[in-house]
Amino acid sequence: MTDRDVEVGVFTVLMAVVLVLGFGAARWRAPQDPHTLEEWGAGGRAFGNWTIWFLIGGSMYSAYTFVAVPALTYGIGAIGYFAVPFAIITTPLTFVFTTRAWSVARRHGFLTHSEFASARFGSPGLGAAVAVTGILATMPYVAVQLLALQAVLRTVGFGGEWPLLAAVTVMSVCTFRSGLRAPALLSVVKDVLMAWMLLTALLVVAMYGGWDRTFRVSGEYFAGTPSPVDGLLLPDTGHLGFLTLVIGSALAVFAYPHALVGMLAAKDRATVRRNAAALPIYCLALALMALLGFFALARGVTPVDGDLNTVVPRLIHEFFPSWSAGIAYAALSVAALIPAAVMSIAAASAFTRSLYRPYLRPGASPATEARVSRWVSLLVKFGAAALILAVDPAFSVDLQLIGGVIILQTIPATFLGLLTGWFHRAALIAGLLTGLTAGVAMLYDVPKLDATGRVVAEHFGGTSWSLGNGSTVYVGIVALLLNLAVAALATVLLRAAGVPGGGDATRPDDYLADAGDARLKRLDDLIDGLPRRHTVPAASGSTPGLRGGHRLTL
């Protein structure tokens, strides 16, 4: 049996195990009534510390981390390292803002950012706009995961488009059946496999000269390239672009629909806080993976057919033992499938809660919501697959950054909305539309350059907008600043003109609510970590914050 046969054999067996677990996840912690959106899309809001830890790691630290970032450092050097400081910045922000989001969402029964924006500013139209924006931004982010999966499959030897479509189909069936429970369960498998891969990578680096040789050879390579922007250190004109990429990416993380899903599945505020405090552990893994791009460059790893997304898979093939390479391929594949599943669930929930129910079928039952979301999640995944077949980005990170330009425009309504309800609903919509228009116009105006700086395409060449002096700025930040300026100015003018705003359905204490609060809209049969309690039906309208059909925990 050849080394390639061992690689493929181990990879195939592990993926078969993942498939079985994905299908079986529907029976894991199965509720009495699984046919609701809260159960399918949020796991019954009942996950404890360990489950949330693995789920957040599985959904937020994805193939973007393990494939796209090393490809960027391999291709252009230090600029690709922006993902590390932005991940570090998100930790304290998560600790503060996500905890507030968890509380208000649990008290009002929200599952999406768009529902919160609608209630906070009294505007279903704003909620719909946030939902549409979130869905559009999620599509390229899902595409990043699928590009990484495609790179792994090509390296393993499964070329063409059919292996990717087959993998998307299997993932879709698992998600359709098991909802959030499938990625939550598979996240445990992913972290175990990924830990082994990282340990093997460290040993390989040590065996082949260590980091000293890696940086020396990589520095010599970048010094000999014609590009003025690559290198182990940022060029003098690259600081602003790097800083705006870090800030924009850190803010965008909180606005994506899937960012809220993992935390909303937590059973209480303490679970959210503990996991936010532990997130720097994943930052270490991200930093190591980014360094592997330099190691691959120093060792002369050649990507398959020039596809930089295959750098890490090729590195694994050339330097890992064959059986360990099979494990690493499976780790990367699961790291792509899990976030794609969570993202599609989140986008589907946003559609159902902020578009389908308010505008198409106001009286939709919980079972109908769940059914519609299942089908929409399929459309999101296959739409993302169609996107990567239609475009050819130089780096897959570009797709994520394009999504960031779009999703950043919801920051005033969702992120800042957790702190203040001052903005006028009409002003927020005007700012959102302004930011989206400016962002798309600037993306259109960015030319595509080759390694020598020569223009090879006039439009949609990236997300860094030139300032004319060699410096660049991330398009998303410029569009967001315009968005905020319009929203603030329009709010002042509308209030001065006496135009009434929408009523705020939230209260200050909503943002501090915790498990055990009788006004929380939650399922009564929480499983992970909370004792089952005796419940009695609550009369419709008898308790503030509870609707008919909910039950009050005593």
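Closest of all the heavy-atom pairs between Asn483 and Pro412 is OD1-CG, 3.8 Å. Taking every heavy atom of both residues into account, Leu332 and Val152 meet most closely at CB-CG2, 3.8 Å. The heavy-atom pair separating Ala427 from Ala487 by the smallest distance is CB-O, 3.3 Å. Across all non-hydrogen atoms, the minimal contact from Ala255 to Thr414 is CB-OG1, 4.3 Å. Taking both residues in full, the closest heavy atoms of Leu286 and Ala83 are given as CD2-O, 3.3 Å, listed atom of the first, atom of the second, then distance. For the pair Val84 and Ala290, the tightest heavy-atom approach, listed with the atom from each and the gap, is CG2-CB, 4.5 Å.
His424 contributes a side-chain N or O that, together with a main-chain N or O of Ala426, makes up a donor-acceptor pair within less than 3.5 Å. Side chain of Ser118 to backbone of Ser114: no donor-acceptor contact under 3.5 angstrom is found. Although no hydrogens or angles enter the test, the distance criterion places no donor-acceptor pair under 3.5 Å between the side chain of Tyr141 and the main chain of Gly404. Asn275 places a side-chain N or O within 3.5 Å of a backbone atom of Thr271 that can act as its donor or acceptor partner. Arg120 places a side-chain N or O within donor-acceptor distance of the main-chain N or O of Gly417, the cut-off being under 3.5 Å. Remark: the backbone N or O of Ala266 is paired with a side-chain donor or acceptor of Trp102 at under 3.5 angstrom. Between the side chain of Arg425 and the backbone N or O of Gly122 there is at least one donor-acceptor pair closer than 3.5 Å.
Using cut-offs of 30° and 60° on the angle between ring planes, the pair Phe415 and Phe254 is tilted. Between Tyr256 and His258, the angle of the ring planes lies from 30° to 60°, which puts this pair in the tilted group.
You'll find the side chain of Leu193 stays beyond 4.5 Å of the side chain of Lys190, heavy atoms only. Between Ile429 and Ser123, some side-chain heavy-atom pair lies under the 4.5 Å cut-off. Side chains of Thr90 and Ser249 form no contact here, defined as non-hydrogen atoms less than 4.5 Å apart. With contacts defined as side-chain heavy-atom distances shorter than 4.5 Å, the pair Leu337/Leu186 does not qualify. In this structure, the side chains of Leu416 and Leu484 come closer than 4.5 Å at one or more pairs of heavy atoms. At a threshold of 4.5 Å between non-hydrogen side-chain atoms, the residues Leu260 and Thr112 do not count as touching. A 4.5 Å side-chain heavy-atom check between Val372 and Phe351 finds at least one atom pair inside the cut-off. Using a 4.5 Å heavy-atom threshold, the side chains of Pro257 and Met343 count as separate.
How far OG1 of Thr437 is from CD of Gln409: 9.5 Å, rounded to the nearest 0.5 Å. Distance check, rounded to the nearest 0.5 Å: CE of Met139 to CG of Leu399 gives 11.5 Å. Between atom CG of residue Leu185 and atom CD1 of residue Ile338 there is a gap of 9.0 Å, rounded to the nearest 0.5 Å. Note that OG of Ser172 and CH2 of Trp375 are 10.5 Å apart. Values are rounded to the nearest 0.5 Å. Distance CG/Leu379 to CZ/Arg374: 14.5 Å, rounded to 0.5 Å. Interatomic distance, Ile247 CD1 to Ile89 CD1, rounded to the nearest 0.5 Å: 6.5 Å.
Under the 6.0 Å cut-off for aromatic ring centres, Phe423 and Phe121 do not qualify, their centroids lying 6.0 Å or more apart.
Using modelled atom types and a 3.5 Å distance limit, the side chains of Ser373 and Thr352 yield a donor-acceptor pair.
Trp422 CH2: more than 12 foreign heavy atoms inside a 6.0 Å radius.
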(message) side-chain contact (heavy atoms from CB on, under 4.5 Å) for Leu401 and Val405? Distances and angles first, verdict last.
(response) CA-CA 6 Å; Leu401 293 176; Val405 172; 5.8 Å; no
(request) Apply side-chain contact (heavy atoms from CB on, under 4.5 Å) to the pair Leu279 and Phe95, showing each step before the final yes or no. (result) CA-CA 10 Å; Leu279 283 178; Phe95 191 86; over 6 Å; no
(message) As a quick check of understanding, evaluate side-chain contact (heavy atoms from CB on, under 4.5 Å) for Arg269 and Ser103, giving each step before the final call.
(response) CA-CA 7 Å; Arg269 280 170 63 94; Ser103 292; 2.6 Å; yes
(request) Could you give me the CA-CA distance, side-chain angles and deciding distance for Phe382 and Val142, then say whether side-chain contact (heavy atoms from CB on, under 4.5 Å) is met? (result) CA-CA 10 Å; Phe382 282 100; Val142 175; over 6 Å; no
